[in-house]
Every structure is written in structure tokens, then in C-alpha cells.
Student: 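Dropping the structure in here first, questions after.
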Amino acid sequence: MVVGDISTGTEVLVIGAGPGGYVAAIRAAQRGLDTTLVERDAYGGTCLNHGCIPSKAYITASSLAHEAGTAEEMGIHADPAVDMSQMRSWKDDVVDGLTSGVEKLCKANGVNLIEGTARFKDDSSVRIEHGGEGQGSETVEFERCIVATGSRPVQIPGFEFTDDPVWSSRDALAAESVPDELLVVGAGYIGMELSTAFAKLGADVTVVEMLEDVLPGYEDDVSSVVRKRAEELGVKFNFGEGASGWSPDGDDVVVETETEDGETASYRADKVLVAVGRSPVTDTVDAENAGLETDEKGFFETDDRMRTNVEHIYAVGDVVADSPMLAHVGSKEGIVAAEHAAGEPAAYDAQAVPAAVFTDPEIGTVGMTEAEAEEAGFTPAVGKMPFNASGRAMTTGHTEGFVRIVADEDSGFVLGGQIVGPEASELVAELALAVEMGATLEDVASTVHTHPTLAEAVMEAAENARGEAIHTLNR
């Protein structure tokens, strides 16, 4: 029996239950608004199910296996065996626990949950198509709507993800075994994170990248630390090459590449991972029916209240133009949209947004680089502390990289920082707080830090910028 179309209403409708959407829904409900959240796949979105969380689980597990097998210098001799099936099961348990937690949090806060695909009928209602034969559909009318439909991996011509040997990042994170030979197309943060993880699990990894180095957008002395470490792990890089096609060869695949000068090369592999970026998912909601406009790449333009060109419809997360595709940004934008929908004077006004890359070693950045500070009219004061001078880093066996802090020389205000090294994703939080609260170099340098810790390197970098470092040479 086919269930007929029914009609309901809500004050706030949120489309998409990723980090932007579910956070927005919970905050809207906390503000006393009748809130409905629609999700067509899984609560937590790509981040919890197919991105941030599963990738970090594999990165942690692969690093543990690699360190156990390469700790002879510490007097530890081991030859760990990796059971990929069990590792995947553990990863799935982590994911399932978090996604079920999101669902419980939404229900506990009074959010109405609907499973299905929402498409705009007009600027005040959507039609929700439920999955499964005979499940029917329903219409939901709304006063405010928050679009948080996220992003998907970018495909390149000739490398469709429906083809068995071609992996998206989602496919790689669902792999049941480690390929003997893996070719990775793209040396951005996704490509580098997964290349490093699979190399540690025993794969022979080759990366092809159209640009001339890894991690475009990061300073050379930051990206070079990561590239050199990947090379030590056996990852081979071929820069200035774009993947042009592939063909099967027995159980393997041969990938053809081409340079701008027309030179070609070929590489044999078991699997091909395409990691060249992500694009917004805005083509599933019939945005034009609501009068919503997107740019040429499919993004929504928003103001600092996260409102689109249709004032009572908001957009947050990966679908927003000129907004970094970061889960924590989507969550912050979701809070702003929900609070503004509730009539509060909320606005997105972050002084700086931290970013992290979970390579080996990690990268954490926030705010301005030295070059950006100069371009903005500041006279930068820069301090640096190498991890090879950190006692705690030495006791972990991870001494690559450094902490760098950038400040305004005249006022001492911290403008930004770059960290490449152990636990950089955690350490950058201190610099992010310094930028957000308007802290000075003196504030950071005079704060007593626990010894021995990696965080002391942040203090030392601030002292170095003031010419007062104790444990590294002053510039």
C-alpha cells in the first residue's frame, strides 16, 4: 500500500543532519522553536559517517600499528599484524556510537526527526520523499528554513566512483582490505591524510598532483615537513601531472597522466583514490522553487546572519560560498542561523577559524601568516619554537616541525600561528583563543604552562617573538 501525501507544519525546518544541521536544529529547539530536522542518509552527515570521524579512526589505528613496529630505538621490538576487518569493525562501532548519540540528543532536545529527501515546493514548504517502496511522501510547511545539505567528493572526467577500482574518500574509508598498490590523485589534505594512513598499513602508495607540491595553501616550510615525512614512509610523489584516464589490466588498473606540456606517464595500481576536493550538494533540494540563487559552483551566498537571498531561508556549512569546508565552521554557522531565526541578534563574527590536517606530523593553523600580516599593513613580530628542542616532543619520538606565532610588533596582539608537529590539531586551540580574545604575546608568554608538555612550545614561540626565549635561540 502506498502511503498518501500528508501535510504538517513547523516553525524551523532544517534540511540535513550533518554538523551544521543537527547543531542548528538542537539550538533552535533550545530556543523554544518547534523544529523539524530532515535527513535522507544518516545522522551526523558525511563528517561523522564517511569523513572526519572514520578517517581519524583509521589514522589513529594505522599510526599505532606503525609506531609499534618501528620503535626499536626505544627498545621495543614488535611485528604487529593488522586485521583490516577488525579495524573496520572498530571504526564502525565508533561511528555508530556517535551517530546514534546525535539522534538521541536531537530527540532529547525536542527536535522532530524525519527521514527522507526534502525538495522545495515554494519558499514556505517542502515535499519530503521517504525512502523505500510504498513509503510515500509528505509536505512540511515552515516559517524559517536552514539548508545544511553538505558536500560530496568531486569527480574528474573518466574516473567515476561507480567503477570498481576507482575510490572516493568514502570508498577508501569503507575498504575491507589494504591494496598492495594504491594510486592517489590529489595531494590536498584528504589525499595526504589517506596516503599516509594506507602507507602505514602497508600499501605501496603513489600520489599524482597537478601542482608542484603537497597541501596547496599552506606555507612551504609547513607542507615540506609533511611531504618529507610521507616520503620516509614510502609515499612516492609525481607533481605537475593530471590523471587523464585509466584502463584495466588483469586484476590491476593502469592510470595515465599528462603534464601541461603534453608529456604522458602511466602507473599501475590495485585501486585509484580520487581526492581532488568537494563540491556543495545543492542540486537535490530544487532551490529554484523557493527562489534561492546559487553561484556558478552551486554555493549559496549568505550574509553574516547566514541568510540567503530569500530572507527567511538560511544556509550553513559546506553549501555556503566563501566559507571553509570545515565541520566546526558549519556548526558555528548553524548556531548563528538558529539563534537569528529565534529573534536573537546573532551574527557570524569569528576573528579567526582554526584548521587542522591530520597527517604525520599534524598541521594546525589559525589567523594570519607573516606574509598575510604584512599585506594587511602590520609589522609582524614572529616567534618560532622547533619541536626538536622540546623535551616532551623528544620523549614521544616525534620531533619534526615547529610552532610559529605571528603578532603585531607595535601592539603585541597575536594575529595568527602555524604549527606542524605532534598534536598540532590540539595545540592550535591555544593560538585560536589568543586571536579570538585579543591576547598579546606577553599574555601567552607569561601564562605558566605545565612541564613537560608540547604546549610549552607555544609559550616558547611567544617568548621568541619577544626576544626572550629560554629554550631556543632568539631571532
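Everything numeric in this text was worked out from a predicted model, so none of it was measured.
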Student: Looking at every non-hydrogen atom in both residues, tell me the closest pair between Val38 and Gly116 and how far apart they are.
Tutor: CG1-O, 3.4 Å
Student: When you look at CZ of Arg40, are more than 12 heavy atoms from neighbouring residues, nucleotides or ligands closer to it than 6.0 Å?
Tutor: no
Student: Heavy atoms only: give me the nearest Ala337-Met306 pair and the separation to one decimal.
Tutor: CB-CB, 4.1 Å
Student: Consider only side-chain N and O atoms of Asp83 and Ser85, and report whether a donor and an acceptor are under 3.5 Å apart.
Tutor: no
Student: Give the C-alpha distance, both sets of side-chain angles, the deciding distance and a yes or no for side-chain hydrogen bond (donor to acceptor under 3.5 Å, both in side chains) between Ser323 and Glu333.
Tutor: CA-CA 10 Å; Ser323 179; Glu333 292 173 345; 2.7 Å; yes
Student: For residues Thr399 and Asn388, is any side-chain donor paired with an opposing acceptor at under 3.5 Å?
Tutor: no
Student: If you define the side chain from C-beta out and look only at heavy atoms, does anything of Asn109 sit under 4.5 Å from Arg27?
Tutor: no
Student: Quick check: do Thr139 and Val126 have side-chain heavy atoms less than 4.5 Å from each other?
Tutor: no
Student: Could you tell me the separation between the CD1 atom of Ile15 and the CD1 atom of Ile146, rounded to the nearest 0.5 Å?
Tutor: 10.0 Å
Student: Would one find more than 12 heavy atoms of other residues, nucleotides or ligands at under 6.0 Å from atom CE of Met325?
Tutor: yes
Student: Could you list the donor-acceptor pairs under 3.5 angstrom formed by side chains in residues 173-181, with sequence neighbours left out?
Tutor:
from: Glu176; atom 1: OE2; to: Arg88; atom 2: NH1; distance (Å): 3.1

Student: Let me check something: any side-chain donor-acceptor pairs from residues 96-106 under 3.5 Å, sequence neighbours excluded? List them with distances.
Tutor:
from: Thr99; atom 1: OG1; to: Val95; atom 2: O; distance (Å): 3.1
from: Thr99; atom 1: OG1; to: Asp96; atom 2: O; distance (Å): 3.2
from: Ser100; atom 1: OG; to: Asp96; atom 2: O; distance (Å): 2.9
from: Ser100; atom 1: OG; to: Gly97; atom 2: O; distance (Å): 3.1
from: Glu103; atom 1: OE2; to: Lys107; atom 2: NZ; distance (Å): 3.3

Student: Check for a donor-acceptor pair, side chain of Asn309 on one end and backbone N or O of Leu292 on the other, with a separation under 3.5 Å.
Tutor: no
Student: With salt bridge (Lys or Arg N to Asp or Glu O under 4.0 Å) as the criterion, how do Arg404 and Glu219 come out once you've worked through the C-alpha distance, each side chain's angles and the decisive distance to 0.1 Å?
Tutor: CA-CA 12 Å; Arg404 179 164 55 224; Glu219 293 171 288; 2.8 Å; yes
Student: Which donor-acceptor pairs under 3.5 Å do side chains of residues 57-71 form with protein atoms, sequence neighbours excluded?
Tutor:
from: Thr60; atom 1: OG1; to: Lys56; atom 2: O; distance (Å): 2.9
from: Ser62; atom 1: OG; to: Tyr58; atom 2: O; distance (Å): 2.9
from: Ser62; atom 1: OG; to: Ile59; atom 2: O; distance (Å): 3.1
from: Ser63; atom 1: OG; to: Ile59; atom 2: O; distance (Å): 2.9
from: Ser63; atom 1: OG; to: Lys200; atom 2: NZ; distance (Å): 2.9
from: Glu67; atom 1: OE2; to: His398; atom 2: NE2; distance (Å): 3.0
from: Thr70; atom 1: OG1; to: His66; atom 2: O; distance (Å): 2.7

Student: Measure across Glu370 and Val382 and return the closest heavy-atom pair with its distance rounded to 0.1 Å.
Tutor: CD-CG2, 3.6 Å
Student: Tyr314: which residues meet the ring pair (Phe, Tyr, Trp, His ring centres under 6.0 Å) condition with it, sequence neighbours left out?
Tutor: His340
Student: Please table the atom pairs, donor to acceptor, closer than 3.5 Å between any side-chain atom in residues 153-165 and protein atoms at least two apart or in another chain.
Tutor:
from: Gln155; atom 1: OE1; to: Phe161; atom 2: N; distance (Å): 2.7

Student: Assess, by modelled atom type and distance only, whether the side chains of Ser244 and Glu258 contain a donor and an acceptor separated by less than 3.5 Å.
Tutor: no
Student: Donor-acceptor check, side chain of Asp295 to backbone of Lys297, threshold 3.5 angstrom: yes or no?
Tutor: yes
Student: Using a cut-off of 6.0 Å, state whether more than 12 heavy atoms not belonging to Glu311 lie near its atom CD.
Tutor: no
Student: Mind listing the closest non-hydrogen atom pair of Ala376 and Met368 along with its distance?
Tutor: CB-CE, 4.1 Å
Student: What I'd like to find out is whether the side chain of Asn112 reaches to under 4.5 Å of the side chain of Thr35, using heavy atoms alone.
Tutor: no
Student: Under 6.0 Å from the CD atom of Gln86, do we count more than 12 heavy atoms belonging to anything else shown?
Tutor: no
Student: Are any side-chain N or O atoms of Glu362 and backbone N or O atoms of Val357, one a donor and one an acceptor, separated by less than 3.5 Å?
Tutor: no
Student: Hey, is the main chain of Pro280 close enough, under 3.5 Å, to the side chain of Asp318 for a donor-acceptor pair?
Tutor: no
Student: Looking at every heavy atom in both Gly21 and Leu37, which two are closest together, and how far apart are they?
Tutor: O-CD1, 4.2 Å
Student: Find the distance between OG1 (Thr206) and CZ (Arg268) and round it off to the nearest 0.5 Å.
Tutor: 12.5 Å
Student: For Phe300 and Thr308, work out which heavy atoms get closest and say how close.
Tutor: CB-CG2, 4.3 Å
Student: For the side chain of Glu241 and the backbone of Thr257, is there at least one donor-acceptor N/O pair under 3.5 Å apart?
Tutor: no
Student: About how many Å separate OG of Ser55 and NZ of Lys91, when rounded to the nearest 0.5 Å?
Tutor: 10.0 Å
Student: Is the closest side-chain heavy-atom distance between Thr294 and Phe299 below 4.5 Å?
Tutor: no
Student: Between the side chains of Glu141 and Ser125, does any donor sit under 3.5 Å from an acceptor?
Tutor: no
Student: Between Arg127 (side chain only) and Lys121 (backbone N and O only), is there a donor and an acceptor less than 3.5 Å apart?
Tutor: no
Student: Indicate whether the side chain of Ser168 and that of Asp171 have a donor and an acceptor atom separated by less than 3.5 Å.
Tutor: yes
Student: Using the six-membered ring wherever Trp is involved, compare the ring planes of Phe198 and Trp167 and label them parallel, tilted or perpendicular (cut-offs 30° and 60°).
Tutor: tilted
Student: Does the side chain of His312 come within less than 4.5 Å of Phe142's, by heavy atoms?
Tutor: yes
Student: Can you tell if the side chain of Leu194 reaches within under 4.5 Å of the side chain of Ile190, non-hydrogen atoms only?
Tutor: yes
Student: Under 3.5 Å, which donor-acceptor pairs link side chains of residues 230-240 to any protein atom two or more places apart or in another chain?
Tutor:
from: Glu232; atom 1: OE1; to: Arg229; atom 2: NH1; distance (Å): 3.3
from: Lys236; atom 1: NZ; to: Asp204; atom 2: OD1; distance (Å): 2.5
from: Asn238; atom 1: OD1; to: Tyr267; atom 2: OH; distance (Å): 3.2

Student: Hey, are the side chains of Glu209 and Val184 touching, using non-hydrogen atoms and a 4.5 Å cut-off?
Tutor: no
